[in-house]
Amino acid sequence: MMLKKSLQDILSELKINDDFKENIVKWHTLDEKPAQTVSLPQDLHPVLIQSLQSKGIEKLYTHQKAAYEKIMEGNSIVAVTPTASGKTLCYNLPVLQTILSNPNARALYMFPTKALAQDQKSEINEIIQAAGVDINSYTYDGDTPANIRQRVRQAGHVVITNPDMLHSAILPHHTKWVSLFENLKFVVIDELHTYRGVFGSHVANVIRRLKRICRYYGSNPVFICTSATIANPLELAEKLTEELMHLIDNNGAPSGRKHFLFYNPPIVNKPLNIRRSATLEVRKLAGQLLKNKIQTIVFARSRVRVEIILTYLQELVKNQLGPKSIMGYRGGYLPTERRRIEKGLRSGEIYGVVSTNALELGVDIGQLQVCIMTGYPGTISSAWQQAGRAGRRHGEALVIMVASSSPLDQYIIQNPDYFFNKSPETARINPDNLIILIDHMKCAAYELPFKVDEQFGSVGTEELLEYLTEERVLYRNGDKWYWMNDSFPAHNISLRSASQENVIIVDQSDVANVKVIGEMDRFSAMTLLHDEAIYLHQGTQFQVEKLDWEEKKAFVREVDVDYFTDANLAVQLKVLEVDKLKTMDDAEIGYGDVSVRAMATIFKKIKFETHENIGSGPIHLPEEELHTNAAWLSLNKPLAEMGHDRLEQGLVGTAHALGSIAPLFVMSDPQDIHVVPQVKADHNEKPTIFFYDRYPGGIGLSEKIHSGMAAVFAETKKMINRCQCETGCPSCIGTDTVSEYAKKDALKIIESFLQSSISDKEV
């Protein structure tokens with residue numbers, strides 16, 4: 001009988017086993033840190049003291065007490081500490097203390113996901129039950145039964161919800177929530193760092209609407225924000241809430257010893273510098289851990305990748321552990337399924353979970369010992385969040401980041417100091433993005449009429465109200481603007497995606513039991529749910545039999561095949577208006593409004609294990625259009641000895657490399673900014689590379705690239721030069737180039753941009 005290895009045994013093996021040790025680029029150990037504690041606040045209600053003591057809490061961490069004191073003085077705060085540092089008490093204590101002294105007081109808790117809301121409801125209810133007091137806390141989300149909703153509205157001291165519910169169900173129906181809004185003392189915004197980009201810009205406007213309704217009912221709540229580590233928590237909290245905030249960052253929580261490994265798969269094709277697939281390497285590492293029943297979480301960057309890794313691992317350990325001991329977890333699963341998985345992880349019945357970043361947030365999933373990341377998650381703060389899922393409650397933990405061949409992964413893995421020394425990202429939002437702002441002004445007008453000279457956030461409203469009146473959405477009567485449309489605006493506005501509607505996925509494998517198994521946003525559905533696509537769900541393969549684009553439904557049937565699918569997206573880009581332009585000798589730099597048309601064209605069938613291409617087919621879907629901002633660089637002079645074909649290949653390679661480095665400089669998710677090359681741009685007929693924000697109206701990323709173009713190009717040049725391949729590979733200029741000169745030509749194009757005095761301070 002094989003003896004089970006402990007985590008210490010596995011760590012020793014990683015250091016001596018040739019199969020692993022050759023691939024470990026960096027072994028970084030974070031030492032354990034003792035707790036810094038202080039006595040409980042003197043004014044804390046006796047029943048709360050008794051409740052904390054029954055949970056074994058005799059003292060508070062330094063950050064918990066600092067937060068309590070500031071909030072009780074009436075200040076809004078943002079608390080920034082790592083995962084599992086007891087942030088929940090930062091808001092639960094002052095909220096419960098206030099309700100005990102004033103039973104009419106109300107609090108609104110907002111979490112970015114339903115899973116987190118459920119988790120925090122259990123947490124606060126434990127304290128309430130141990131205290132033996134009559135305080136009602138309820139979750140109010142899409143799963144709340146209709147018969148309980150009325151009780152929540154009337155008797156909920158603490159209402160726990162998410163931004164989408166606040167936006168579409170609570171604010172538009174504020175007249176049913178009078179007791180909440182008249183007595184609202186606290187608004188808690190947890191996981192603040194998730195409110196960035198387009199989602200954060202929407203939520204900032206939802207909070208403007210919330211504050212407007214509070215003023216109408218005569219309340220002025222204190223805002224309590226908590227966040228994982230980002231570079232600008234205070235700035236983000238103040239921009240999101242438009243309130244003066246106090247920063248609490250004196251973390252007193254203990255942490256266990258953590259080993260952080262950078263792992264680069266071996267090169268399998270030297271001339272092309274192609275490395276062994278990160279997915280297959282993760283299978284090998286996770287398989288070793290799971291066979292020894294070491295609880296492990298594997299993060300993957302996409303839904304498809306989650307399902308592929310899950311399939312591999314379930315197959316690998318089915319004889320030792322049984323199929324239900326390893327589960328997948330991602331958006332698109334139904335709530336009951338997700339709750340079951342969270343419970344299984346806490347109880348230890350589930351040894352392994354393969355997840356998208358859905359489990360990055362602070363859902364309590366018990367004590368996992370190991371975290372494996374399939375590729376760099378895209379941001380430093382995301383990577384630390386994922387790493388925080390291992391060793392939550394003291395004890396030793398192992399974190400392994402396995403690099404893919406992508407240039408961004410290779411840049412991070414070969415520059416560990418960049419990762420460990422660089423402060424985490426700046427979270428950016430733009431609440432005054434015109435498209436987002438107009439949408440929420442419609443919602444706000446539906447909720448309460450606008451008055452003359454009324455501000456909405458930092459923006460004067462009169463011009464926009466006049467525009468909405470011309471569009472026959474509002475009408476003016478005296479000094480007020482009223483909603484005049486029959487429709488209900490919040491229902492048509494999604495906070496989370498650029499497209500407004502999701503595609504529902506319908507499983508019709510069993511004709512007598514047709515059921516909905518998930519949903520997906522429209523932009524993703526173009527490449528993941530087209531006809532004949534293989535859609536993976538909990539390791540089960542489904543083939544899309546029909547995508548009804550009009551009705552927004554994908555009909556799928558269970559199949560058993562040895563391949564998955566991957567689709568191509570063709571992008572056309574046109575400049576609508578030039579806002580900034582600077583011309584130099586060899587190049588010009590511009591910034592302005594653009595129109596992007598995207599169309600899914602063909603899909604490829606890719607074989608499991610070998611990842612070879614075994615077939616393809618066309619995709620018949622209408623194109624989607626996006627109006628956004630872009631920065632661009634155009635070459636003024638033709639490059640010597642480079643004909644049309646070589647120029648095209650060189651630009652494709654350059655764009656691929658730039659697309660990998662640009663997200664590091666704007667500190668964004670790689671999906672948020674896209675890079676498109678054109679041999680002859682429509683607006684100036686010159687070879688051009690565009691950087692555009694992937695959201696309507698833009699969120700400020702391409703503008704930041706416009707002002708820091710030289711640095712992006714210089715770093716990209718270094719990255720291509722450092723790559724060991726001869727003519728270009730997935731780790732530098734990608735695989736879409738067919739020219740043997742592509743790598744050399746990409747460097748030449750970058751060089752000509754750099755020589756054009758781009759580094760001029762004025763740019």
Side-chain angles (χ1 to χ4, degrees), residues 34-75 77 79 81 83-111 116-139 151-152 154-160 179-180 183-188 190 221-222 224-226 248 250-255 343 346-347 362-367 392-394:
Q36 291 171 288
T37 56
V38 284
S39 57
L40 295 171
Q42 287 184 326
D43 63 343
L44 204 58
H45 199 289
V47 295
L48 283 180
I49 293 175
Q50 172 202 321
S51 168
L52 291 174
Q53 287 172 341
S54 72
K55 291 182 76 181
I57 300 170
E58 299 285 343
K59 292 186 164 195
L60 292 184
Y61 297 137
T62 45
H63 62 277
Q64 292 171 333
K65 189 166 183 182
Y68 175 85
E69 287 170 352
K70 280 283 178 207
I71 293 163
M72 294 309 284
E73 287 165 11
N75 298 299
I77 66 125
T81 55
T83 315
S85 52
K87 282 193 276 270
T88 312
L89 276 185
C90 290
Y91 48 81
N92 278 342
L93 281 187
V95 166
L96 294 173
Q97 173 78 358
T98 304
I99 294 170
L100 284 168
S101 56
N102 171 11
N104 287 327
R106 297 286 186 266
L108 181 70
Y109 284 20
M110 188 168 81
F111 298 99
L116 214 46
Q118 293 289 345
D119 199 45
Q120 294 302 325
K121 180 190 168 191
S122 315
E123 188 100 14
I124 194 169
N125 281 348
E126 270 180 38
I127 302 176
I128 293 168
Q129 280 160 10
V133 290
D134 188 21
I135 294 176
N136 302 318
S137 86
Y138 298 106
T139 50
R151 198 184 322 154
V152 181
Q154 288 167 358
H157 289 103
V158 178
V159 176
I160 303 171
S179 63
L180 174 76
N183 300 291
L184 192 61
K185 296 283 182 275
F186 301 104
V187 175
V188 172
D190 193 30
V222 163
I224 307 169
C225 302
T226 68
I248 309 282
N250 54 336
N251 175 29
S255 57
K343 189 164 172 267
R346 284 196 295 271
S347 68
V363 181
D364 181 12
I365 49 174
Q367 184 173 4
R392 281 170 67 85
R393 302 189 186 123
H394 319 300

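For clarity, every value in this text was computed on a predicted model and none was experimentally measured. Side-chain atoms are counted along with the backbone in the values below, which use heavy atoms only and exclude waters and symmetry mates.
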Exercise: identify the closest heavy-atom pair between Ile77 and Ala67: CD1-CB, 3.9 Å
Test item: side-chain donor near acceptor, Asn92 and Tyr109, under 3.5 Å: yes
For Asn75 against Val222, the heavy-atom pair lying closest together: O-CG1, 3.2 Å
Least distance between heavy atoms, Ser51 atom then Ala130 atom: OG-CB, 3.4 Å
Smallest separation among heavy atoms of Leu180 and Ala107, with atom names: CD1-O, 4.3 Å
NZ-CD1 distance between Lys70 and Ile248, expressed to the nearest 0.5 angstrom: 7.0 Å
Point-to-point distance, once rounded to the nearest 0.5 Å, from NZ of Lys185 to CG of Asn104: 8.5 Å
Considering all heavy atoms, the nearest Ile71-Pro94 contact: CG2-CB, 3.6 Å
Gap between atom CG of Asn136 and atom CD of Gln154 - 0.5 Å precision: 12.0 Å
Close side-chain approach of Ile160 and Tyr138, heavy atoms under 4.5 Å: no
Spatial distance of atom CD1 (Ile224) from atom NZ (Lys87) [nearest 0.5 Å]: 14.5 Å
Trace of the side chain to side chain contact (heavy atoms under 4.5 Å, CB included) decision for Leu40 with Leu52: CA-CA 10 Å; Leu40 295 171; Leu52 291 174; 3.9 Å; yes
Mutual orientation of the aromatic rings belonging to His63 and Tyr61 [parallel < 30°, tilted 30-60°, perpendicular > 60°]: parallel
Val159 side chain near Val152 side chain, heavy-atom distance below 4.5 Å: yes
Min side-chain heavy-atom separation Asn125-Ser137 under 4.5 Å: yes
Working for side chain to side chain contact (heavy atoms under 4.5 Å, CB included), residues Thr37 and Leu60: CA-CA 5 Å; Thr37 56; Leu60 292 184; over 6 Å; no
Side-chain donor or acceptor of His157 paired with backbone N/O of Pro103 under 3.5 Å: yes
Candidate pair Thr88 and Gln120, rule side chain to side chain contact (heavy atoms under 4.5 Å, CB included), full reasoning: CA-CA 8 Å; Thr88 312; Gln120 294 302 325; 3.0 Å; yes
Distance in Å, Cys90 SG paired with Lys65 NZ, rounded so as to fall on 0.5 Å steps: 13.5 Å
Closest non-hydrogen atom pair, Leu96 against Ile135: CD2-CD1, 3.9 Å
Validation row: Ser39, Lys59 side chains within 4.5 angstrom (heavy atoms): no
Val158 side chain near Leu108 side chain, heavy-atom distance below 4.5 Å: no
Test item: Gln64 and Leu93 side chains (from C-beta on) under 4.5 Å apart, heavy atoms: no
Counterpart residues, ring-ring contact (aromatic ring centres under 6.0 Å, His included), relative to Tyr68 (two or more places apart): none
Test log, rule side chain to side chain contact (heavy atoms under 4.5 Å, CB included), inputs Thr226 and Thr81: CA-CA 8 Å; Thr226 68; Thr81 55; over 6 Å; no
Backbone N/O of Asn250 and side chain of Thr62: donor-acceptor pair under 3.5 Å: yes
Check: Gln97 side chain, His45 main-chain N or O, donor-acceptor pair, under 3.5 Å: yes
Interatomic spacing from OG1 in Thr98 to CZ in Arg106 - rounded to 0.5 Å: 13.0 Å
